[in-house]
Every structure is written in C-alpha cells, then in structure tokens.
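First comes the structure, then the notes that go with it.
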Amino acid sequence: MRCWVNILAFCCWVQGNMAQNFNQPSVTQVTEPVNMGESPVWDRRVGKLFFVDIHDGRIMAYDYDKQTMDVAAEFSGNDLTPIILTKNNPNVMIAGLNRNLAKIALYNKSAEAHILHTVQNEKPKNRFNDGKADSRGRVWIGTMGHEPSNGSLELNAGALFKFSKDNVKTPTVVIPKISISNGLTWSLDGTLFYYIDTPSEEVVQYDYYAENGSIANKKVVFSTKEKKMGYPDGMTIDENGNLWIALYNGGSVIEINPSKGTLLRRIPIPAQYTTSVAWGGPNLDVLFVTTAKRSLTLKEREGQPGAGSLYAVTNLGVRGLPEFEADL
Ligand SMILES: *[C@@H]1O[C@H](CO)[C@@H](O)[C@H](O)[C@H]1NC(C)=O
Ligand SMILES: *[C@@H]1O[C@H](CO)[C@@H](O)[C@H](O)[C@H]1NC(C)=O
Ligand SMILES: *[C@@H]1O[C@H](CO)[C@@H](O)[C@H](O)[C@H]1NC(C)=O
C-alpha cells in the first residue's frame, strides 16, 4: 500500500516537472466576461491590455500588475471596434465607431468622440471591424456588411481602407468587396502584409511596400476550409515570423508558419467564439485572447461560463513585438 502511494506521488511529481520542463502552454481566464470581446492591444506605456466590448460600445482595460479590469471609455448604443494606439499619447485611441474613424479620449466621461471621417455612406448598416497601424503610422481598417443577429451577413459589402496623415478625409480603398474585414499584420522585415476576410476561411499575404504603403500579388498562405476548425478572425505575429490566429467558432488559437503554410500548434480556449489575439505583458510573452458570448444560446453559456472574457496564454516559449502606433 505504502509503495503504491509512493508510486502515485512519484508519477505526480514527474508529471508536474514535465509540465514545467516542456513548457506546456497554460490558459487562464483573467477578466469577467463581456458580451463581445475584440481588438486586444497591449500598451506598454501604461501596462494595460485594452480591448473592446463591440456592441456595448466599450473600451475595457485590463491592468496587468493589479489584475483588475475597468471601463476606459463607453459609447453605449454604438458598435466600437477596433482600437489602435496613438503615437505620443496613451490617453487617446484611434477607433472605429460604427462607420466612423474617431479619436477617443480614455478615462474622460465628458469627452465626446472626435469624428475624423465616415466611410461607406451608401451602406449605412456597415460597420468597421478589425484594424491596425502600420510601421509608418498609417491606419489600415476594414468594414463588414450588415449582420442581423440571426447570423446572416451581407457578403462583399465591406472594404479595407487606408488612412494616412495627409488623406484622413480621403482614405484609399486598399481591397474592395470584403465580407468581414478581419485580422491583419505585417512580416518582421516589413515586406509582406497578412490579411483575413473571415468568410473566405483563408489567410492571405500581399507584397507590401512600406515606403508608399501599397500592396500587390495576393497569395493564399493557409486555409481552414477542409480542416473544419473554425473561421480565422483576429491575428498577430511572433518574433519567429509565425502567425497566431483566433478561430471564431473554433474555440482555439492556432500558430501557423506562413512561408510553409503549415499548422504548428493549436491551443484550445474554453470559449467557442474566440475572436482575437495580441501579445502583452512586460516581456511580450503572454498571448492575450478575446472571446465572445453573444452568439451562444443560454444552454451553451452554462457550459462555457468564461465565454466573453479575456484569457492569457503563458508558457508558449515565444514572444511577440510591440504593435505600431497610429500617426494621423
Ligand atoms: C475631458 O474632456 C473635456 C471635453 O473635451 C475637456 O474639456 C477636459 O479637459 C478633458 N479632461 C481631461 C482630464 O483631459
Ligand atoms: C435573418 O434576418 C434577415 C433580415 O433581418 C433576413 O433577410 C434573413 O432571411 C434571415 N436569415 C435567416 C437565416 O433567418
Ligand atoms: C510603391 O512602391 C513600389 C516599390 O517601389 C512600386 O513597385 C509600386 O508601383 C508603388 N506603388 C504605388 C501605388 O505607387
């Protein structure tokens, strides 16, 4: 008997140490759920992971040291996404507010959104979705068609836009006829642009010229179509040049090698609607993952009590890079 107990203890000890030695990824829920989490971004200037609760028009802030969440801005009755850090000012974000590109002050209840420009007046029910700044501070931000709550979507009604300091009122349409403009990032050497139009179930790349901000030569680097693993949504890149992608209705994030088109890892997240990813923490080695509970039935919510919250994935053995800041 005594021997049996010792063997069990030994096995547990070995297992525990293996977990540490082999750097098993660890997934932790770090906030209370919101309705529709999206657009995570780490601001190293304030040590916070910001994200949005789209349909409640809220910018949430997770304080990494204090491990607390608060509301940094609120525009209820509006769809708010994405949020993009601005150069030289951690108190102001560039944001998509319905179809408006806006400047939003954080932690100031009396401040109104300052609208810079409104796109697609001919499509009043469209709204902005994902977006980011490039290395030159230009803002790449796309729209999606009208999506009634029953899950139908107007296809090919969106577009990817590019705003720069000298054309805030006349943005360039970079890619027309997009259904749900989503994840975007650039290769480490700044010569490729990676992009996701979610319903296409594809991750594509374009040649990218940082100097003039133009793209060319579309090429598919990964598809989830045959794999039935969920829809590619938000995306970021790591220090090795691999892409990390949240799978909507796939309850996971995946790591892919875009030059080989291979799936490297799949990390399960206990929330079916995994929406986006961003590196954060002081060492940029925590992968923050946003999720949604909006599309879950009441029954499904019981089985996924963490759906809608922010998760932190640690022990991945890889780091990210700071996101670029908007300069408009
Ligand atoms: C908050 O916004 C209001 C209105 O724009 C402005 O007058 C005030 O100075 C701002 N407060 C702070 C602390 O920035
Ligand atoms: C969803 O609602 C829209 C209009 O609100 C309707 O046109 C469409 O047929 C509906 N789709 C489904 C699958 O029920
Ligand atoms: C941008 O620069 C690249 C490389 O010099 C060039 O091939 C391309 O034609 C330019 N695009 C535009 C729109 O000027």
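All residue numbers in this chain count up from 1 along the given sequence. The shown structure was predicted, so the numbers you read here are calculated from the model rather than taken from an experiment.
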(message) Checking D53 now: which residues fulfil salt bridge (charged side-chain N to carboxylate O under 4.0 Å, His left out) with it, not counting sequence neighbours?
(response) R58
(request) Kindly indicate whether the side chain of V139, heavy atoms from C-beta on, has any atom under 4.5 Å from the side chain of K162. (result) no
(message) With a 4.5 Å cut-off on side-chain heavy atoms, are Y64 and V30 touching?
(response) no
(request) Go through V277 and I245 one step at a time and tell me if the side-chain contact (heavy atoms from CB on, under 4.5 Å) criterion holds. (result) CA-CA 7 Å; V277 285; I245 300 161; 5.9 Å; no
(request) Check whether F51 and W244 end up in the same hydrophobic cluster, where Ile, Leu, Val, Met, Phe, Trp and Tyr are linked by side-chain heavy atoms less than 4.5 Å apart. (result) yes
(message) Do I237 and L184 sit in one hydrophobic cluster, given that two such residues count as connected whenever their side-chain heavy atoms are within less than 4.5 Å of each other, even indirectly?
(response) no
(request) Taking all heavy atoms of P232 and all of V203, pick out the closest pair and write down the distance. (result) CB-CG2, 4.5 Å
(request) Going by the salt bridge (charged side-chain N to carboxylate O under 4.0 Å, His left out) test, name the single residue among E300, E38, E147 that passes it with R294. (result) E147
(request) Indicate yes or no for a side-chain donor-acceptor contact from S187 to the backbone of L192 under 3.5 Å, with no hydrogens or angles considered. (result) yes
(request) Mind checking the CG-CD1 spacing from L263 to I256? Nearest 0.5 Å is all I need. (result) 8.0 Å
(message) So F75 and I104, do their side chains get closer than 4.5 Å, heavy atoms only?
(response) yes
(request) For the residue pair Y273 and D233, confirm or rule out a side-chain donor-acceptor distance under 3.5 Å. (result) no
(request) Enter the distance from I94:CD1 to L97:CG here, rounded to the nearest 0.5 Å. (result) 12.0 Å
(request) Determine whether S181 and M144 make a side-chain contact, defined as any pair of heavy atoms from C-beta on separated by less than 4.5 Å. (result) no
(request) Give the C-alpha distance, both sets of side-chain angles, the deciding distance and a yes or no for side-chain contact (heavy atoms from CB on, under 4.5 Å) between D134 and Y208. (result) CA-CA 11 Å; D134 73 6; Y208 166 73; 2.9 Å; yes
(message) With a 3.5 Å distance limit and no angle check, can you tell me whether K132 reaches the backbone of I83 through a side-chain donor-acceptor pair?
(response) no
(request) May I ask you to decide if D56's main-chain N or O and S76's side chain share a donor-acceptor pair within less than 3.5 Å? (result) no
(request) Of all the heavy-atom pairs spanning V52 and S39, show the shortest one and how long it is. (result) CG2-CB, 4.1 Å
(message) Looking at N156, is its backbone amide N or carbonyl O close enough to the side chain of S179 to form a donor-acceptor pair, meaning the two atoms are under 3.5 Å apart?
(response) yes
(request) Check whether the side chains of N88 and T86 place a donor and an acceptor atom closer than 3.5 Å, and report yes or no. (result) no
(message) Using 0.5 Å steps for rounding, measure from the OG1 atom of T118 to the CG atom of N100.
(response) 4.0 Å
(message) To the nearest 0.5 Å, what is the distance between CG on D197 and CD1 on I175?
(response) 8.5 Å
(message) Nearest 0.5 angstrom please: E201 CD to T198 OG1, how far?
(response) 9.5 Å
(message) For E239, I'd like to know if atom CD has over 12 heavy atoms of other residues, nucleotides or ligands within 6.0 Å.
(response) yes
(message) Please list all pairs meeting salt bridge (Lys or Arg N to Asp or Glu O under 4.0 Å) that have one or both residues in residues 260-283, counting only residues at least two apart or in different chains.
(response) E255-R265
(request) State, with a plain yes or no, whether a side-chain heavy atom of P82 is found less than 4.5 Å away from one of D130. (result) yes
(request) Measure the CG-CZ distance between N212 and R138 for me, rounded to the nearest 0.5 Å. (result) 7.0 Å
(request) Name all pairs fulfilling the salt bridge (Lys or Arg N to Asp or Glu O under 4.0 Å) condition that reach into residues 114-128, sequence neighbours left out, sorted by first residue then second. (result) D79-R127, K123-E154
(request) May I have the step-by-step check of side chain to side chain donor-acceptor pair (under 3.5 Å) for S164 and N167, ending in yes or no? (result) CA-CA 5 Å; S164 56; N167 79 346; 3.0 Å; yes
(request) Search all heavy atoms of L284 against all heavy atoms of W279 and return the closest pair with its distance. (result) O-CE3, 3.6 Å
(request) Would you mind telling me which of I267, D238, D285 makes a side chain to side chain contact (heavy atoms under 4.5 Å, CB included) with L316? (result) I267
(message) Given 3.5 Å as the limit, does a donor-acceptor pair link the side chain of S309 with the main chain of P33, or not?
(response) no
(message) When you compare the side chain of P268 with that of V27, does any pair of heavy atoms fall below 4.5 Å?
(response) no
(message) P199 and side chain to side chain contact (heavy atoms under 4.5 Å, CB included): which single residue from N182, I178, I180 fits?
(response) I180
(request) Please report the shortest heavy-atom distance between A72 and F50, naming the atom on each side. (result) CB-CE2, 4.1 Å
(message) Can you give me the closest heavy-atom contact between T291 and G306, atom names plus distance?
(response) OG1-O, 4.0 Å
(request) Ignoring hydrogens and angles, tell me if any N or O in the side chain of Q304 forms a donor-acceptor pair with the backbone of Q272 under 3.5 Å. (result) yes
(message) Give me the atom names and distance for the closest heavy-atom approach of G281 to F288.
(response) N-CE1, 3.9 Å
(message) Suppose we screen for ring-ring contact (aromatic ring centres under 6.0 Å, His included). Which residues come up paired with F193, at least two apart in sequence or across chains?
(response) W140, W186, Y195
(message) Side-chain heavy atoms nearer than 4.5 Å, only ILVMFWY residues, links allowed to pass through others: does that put V174 and Y206 together?
(response) yes
(message) Applying side-chain contact (heavy atoms from CB on, under 4.5 Å) to V204 and K219, what does each step give before you reach the verdict?
(response) CA-CA 5 Å; V204 299; K219 181 182 155 199; over 6 Å; no
(request) Look only at the side chain of T275 and the backbone of T290, and say whether a donor-acceptor pair between them is shorter than 3.5 Å. (result) yes
(message) Before you tell me yes or no, could you show the steps for K48 and W42 under side-chain contact (heavy atoms from CB on, under 4.5 Å), namely the whole-Å CA-CA distance, both residues' side-chain angles and the distance that decides it to 0.1 Å?
(response) CA-CA 6 Å; K48 290 179 181 178; W42 170 255; 5.6 Å; no
(message) With a 3.5 Å distance limit and no angle check, can you tell me whether S276 reaches the backbone of P40 through a side-chain donor-acceptor pair?
(response) no
(message) Within the 4.5 Å heavy-atom criterion, are L155 and L153 side-chain neighbours or not?
(response) yes
(request) Would you confirm whether S252, through its side chain, and G250, through its main-chain N or O, come within 3.5 Å as a donor-acceptor pair? (result) yes
(request) Output every pair passing salt bridge (Lys or Arg N to Asp or Glu O under 4.0 Å) with a member in residues 91-110, not counting sequence neighbours, ordered by first then second residue. (result) none
(request) Kindly check if the number of other-residue, nucleotide or ligand heavy atoms within 6.0 Å of OH (Y231) is above 12? (result) no
(request) Scan for salt bridge (Lys or Arg N to Asp or Glu O under 4.0 Å) pairs involving residues 207-216, sequence neighbours excluded, and state none if there are none. (result) R136-E211
(message) Hydrophobic cluster membership, with links at side-chain heavy-atom distances under 4.5 Å among I/L/V/M/F/W/Y: are V34 and I59 in one?
(response) no
(request) For the pair T31 (side chain) and L310 (backbone), establish whether a donor and an acceptor sit closer than 3.5 Å, ignoring hydrogens and angles. (result) yes
(request) Answer whether the closest heavy-atom distance between the side chains of D63 and D70 falls below 4.5 Å. (result) no
(message) Let me check something: do V119 and L160 share a hydrophobic cluster, defined by ILVMFWY side-chain heavy atoms less than 4.5 Å apart, either directly or through other members?
(response) no
